[in-house]
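Okay, structure first, notes after.
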Number of protein chains: 2
Amino acid sequence: MRPTVHDIAAAAGVSLATVDRVLNQRPGVRHVTREKVETAIRELGYIRDVAAANLAKGRTYPLVFILPASDNSFMHGLNAEIRQAVLRSPAERTDIRTIEVPAFDPAALVSVLEELSREKPCGIAMVATDAPEVRAAVDKLVRERFPIVTLVSDLTGSLRHHYAGVDNIAAGRTAARLLGRFLGPRKGEIAVLAGSMLVRDHRERLEGFAAVMAAEFPHLAILPVLEGRDDPEVAHRLVADALGNAGIIGVYSLGAGNRGLIRALKEKTVDRTLTVIAHELTAHTRAALVDNTIDAILNQDAGHEVRSAIRVLKAKADGLAVIEAQERIRLDIFLKDNLP
Amino acid sequence: MRPTVHDIAAAAGVSLATVDRVLNQRPGVRHVTREKVETAIRELGYIRDVAAANLAKGRTYPLVFILPASDNSFMHGLNAEIRQAVLRSPAERTDIRTIEVPAFDPAALVSVLEELSREKPCGIAMVATDAPEVRAAVDKLVRERFPIVTLVSDLTGSLRHHYAGVDNIAAGRTAARLLGRFLGPRKGEIAVLAGSMLVRDHRERLEGFAAVMAAEFPHLAILPVLEGRDDPEVAHRLVADALGNAGIIGVYSLGAGNRGLIRALKEKTVDRTLTVIAHELTAHTRAALVDNTIDAILNQDAGHEVRSAIRVLKAKADGLAVIEAQERIRLDIFLKDNLP
DNA sequence: CCAAATTTGATGTACGTAAATCAAAAAATC
DNA sequence: GATTTTTTGATTTACGTACATCAAATTTGG
């Protein structure tokens, strides 16, 4: 049987009350006594029964998710997954609140973070906008002992405890290799459609993509990035224009808002084979993959990201270890054959 | 606040003891009373606090993993993941035992299953050998209310509650498309290295592979399957021999024991580019991917499979729902750019 | 050495559920 | 209608931990 507080008390030769004081860092314990107890804990290999403790405390985990108010399929999916998590709240003892902030607006994000400092949630998951003031606000919260995980888009160089999202540089590199290998020895130009170069994840994907392209597929030339602002209409216009260029043989869409891209691809008048790689599996990209308009989809599983963020925040709040391998968000590669 | 048993008792106008009898299906409750209680449960939306119940019951989950005694990297990895799960046992209230049975031996597997029927574990995870007598033994256990999940290799047509493994037909199809697309318009022959055609997962991978090859890449001819018995030495000899055929331009290794394959590939005398796709990420295949001996690796995450099997078995034992999306085991596709 | 302050012990209640016991009430049987 | 059987209620203890209270013991300061 695993040891209980009673065993610790007996082993350390103190009372239950004292063990409790040590375990819950309450005052009124002499240094030597505290050490006796801590030794007993270590020697017996005592682990607190979190379930029993939560029951006694009537504990819930108030968590806050901060998301950008972006109107694209991916964010809608992320929102839906958070709602699913809310439905599971009673069983998981979580109490989840979502805050939407204007996208790409560091100041707004910072002010939300500052408010949270007063509200005292036991964990914060946020889609980070990459700016120095955001980094400073996050670091401040971490120093005040708030568990913080970044979601989807990381905040490198900050003190955040964990990042629940894919490695975007690796994603870009993977896209480049797939595209390069699919195209074979053909020479030509590659169009890149992004949302905005102001977002870190898009910048990183492009960085990885360009690096592998240059190093391993020098016969393929990357055209200037089209910034579609994750908006289907804008994307449609940009891609339709670009396809006037007969030299294009491949497309990499690294952002959201692929509806416009797909429409432009289907409308193309000149009949030629384009190899297309896009990000994020949605109803639209899925259909396009099935009908061969798109050749591969790179995806991050929003459900996994949300569940992982919650697990990590709870663990951090309790000071417990996380299973690293379980919390690694993988880059899913979908061909038409392995769709879920 | 979520309702408790006390609220149910009050709402149904019965005593706590009666509610308990209903909840734990103990005898001695009239039909009408039982219905009153069940109505109250439904109307208040009562959900049993599993943590509190487990605490009161002093419950642990005795689980059994049945694995084939195969000496290859994948099975070693699976074993290691089970040992990790054992380390987490105190926190997860599990009590995990592993049983090794001779590989490809339905009779041995059946006799182990029959023994388990007496031992009464609260759940069984097994790497299934695909045979009618195994199917019958599994169905019998399921009818006796044992939760059973198949691991890595499924038992289609049986009553097992869940399969914790990848879709092997989809895996084979994916391999075919990757190989076909990487090779482009080149004509040639494809060597296929399998472990044994007696194992269901290998048969299924080949089936998916052959289907896509025939339908979409008819200019590539699949050579007769090499059965390497998942043994590096045998695989080495078979592949080395096969590579004497100058028409081979691609290799699909759908089984375990890739060390021999890799050695044969590196030794090849004629200098030509082979496109190679293999299964299972191990130290060897990983190195081969990095040095370009292998072009892509298809993988199933053994850690995810083990954790998923445990979650599902616990949920089934408690009669709870599982998060389907979370328990879906994906086919990982690794290029050298997205290695973990 | 005494008083004050600090540290420790003993004890009880609570969390939500399980499980057991025994008495009381209701229903079924003859 | 009395007896047996079945059903229900009331109550208690337990699981492992948290937390509060009060008394007792120990240490510290003067």
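First the proteins, then the strands, lettered A, B, ... as listed; each starts at 1. The structure displayed is predicted, hence computed values, not measured ones.
Between A/Ile8 atom CD1 and D/dA18 atom P there is a gap of 12 Å when expressed in whole angstrom units. Rounded to whole angstrom, the span from the CG atom of A/Asp7 across to the P atom of D/dG16 amounts to 9 Å. Protein atom CZ of B/Arg59 is 16 Å distant from nucleotide atom P of D/dG16, rounded to whole Å. Atom CZ in A/Arg21 sits roughly 11 Å away from atom P in D/dA20 (whole-Å rounding).
One finds no salt bridge joining B/Arg48 and B/Asp318 here, because no Lys/Arg side-chain nitrogen approaches an Asp/Glu carboxylate oxygen to under 4.0 Å. B/Glu38 has no carboxylate O lying under 4.0 Å from a charged side-chain N of B/Arg42, or vice versa, which leaves the two without a salt bridge.
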N/O contacts under 3.5 Å, protein versus nucleotides 15-19 of chain C?
from, atom 1, to, atom 2, distance (Å)
C/dC15, O2, A/Ala56, N, 3.1
C/dG16, N2, B/Ala52, O, 3.3
C/dT17, OP1, B/Tyr46, OH, 2.7
C/dT17, OP1, B/Asp49, N, 3.2
C/dT17, OP2, B/Val5, N, 2.9
C/dA18, OP1, B/Asn24, OD1, 3.4
C/dA18, OP1, B/Arg48, NE, 2.7
C/dA18, OP1, B/Arg48, NH2, 3.1
C/dA18, OP2, B/Asn24, ND2, 3.3
C/dA19, OP2, B/Arg26, NH1, 3.1

Identify each atom pair where a protein N or O and an N or O of nucleotides 27-30 of chain D are less than 3.5 Å apart, giving names and distance.
none

Discussion item. Walk me through whether A/Leu87 and A/Gln84 qualify under side chain to side chain contact (heavy atoms under 4.5 Å, CB included).
Written reply: CA-CA 5 Å; A/Leu87 294 181; A/Gln84 289 297 311; 4.2 Å; yes
Worksheet item: Is there a side chain to side chain contact (heavy atoms under 4.5 Å, CB included) between B/Val14 and B/Val29 once you walk through the steps?
Response: CA-CA 11 Å; B/Val14 301; B/Val29 184; over 6 Å; no
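In the model, A/Ser73 has no side-chain atom that pairs as donor or acceptor with a side-chain atom of A/Glu280 under 3.5 Å.
Proximity of A/Thr18 to the phosphate of C/dG9: a side-chain N or O atom is located under 4.0 Å from OP1 or OP2.
Counted within 6.0 Å of CD on B/Gln25, heavy atoms from surrounding residues, nucleotides or ligands total 12 or fewer; the atom is thus considered open.
No donor-acceptor distance shorter than 3.5 angstrom exists from the side chain of A/Ser308 to the backbone of A/Glu305, with no hydrogens or angles considered. B/Asn54 places no side-chain N or O within donor-acceptor distance of the main-chain N or O of B/Ala51, the cut-off being under 3.5 Å.
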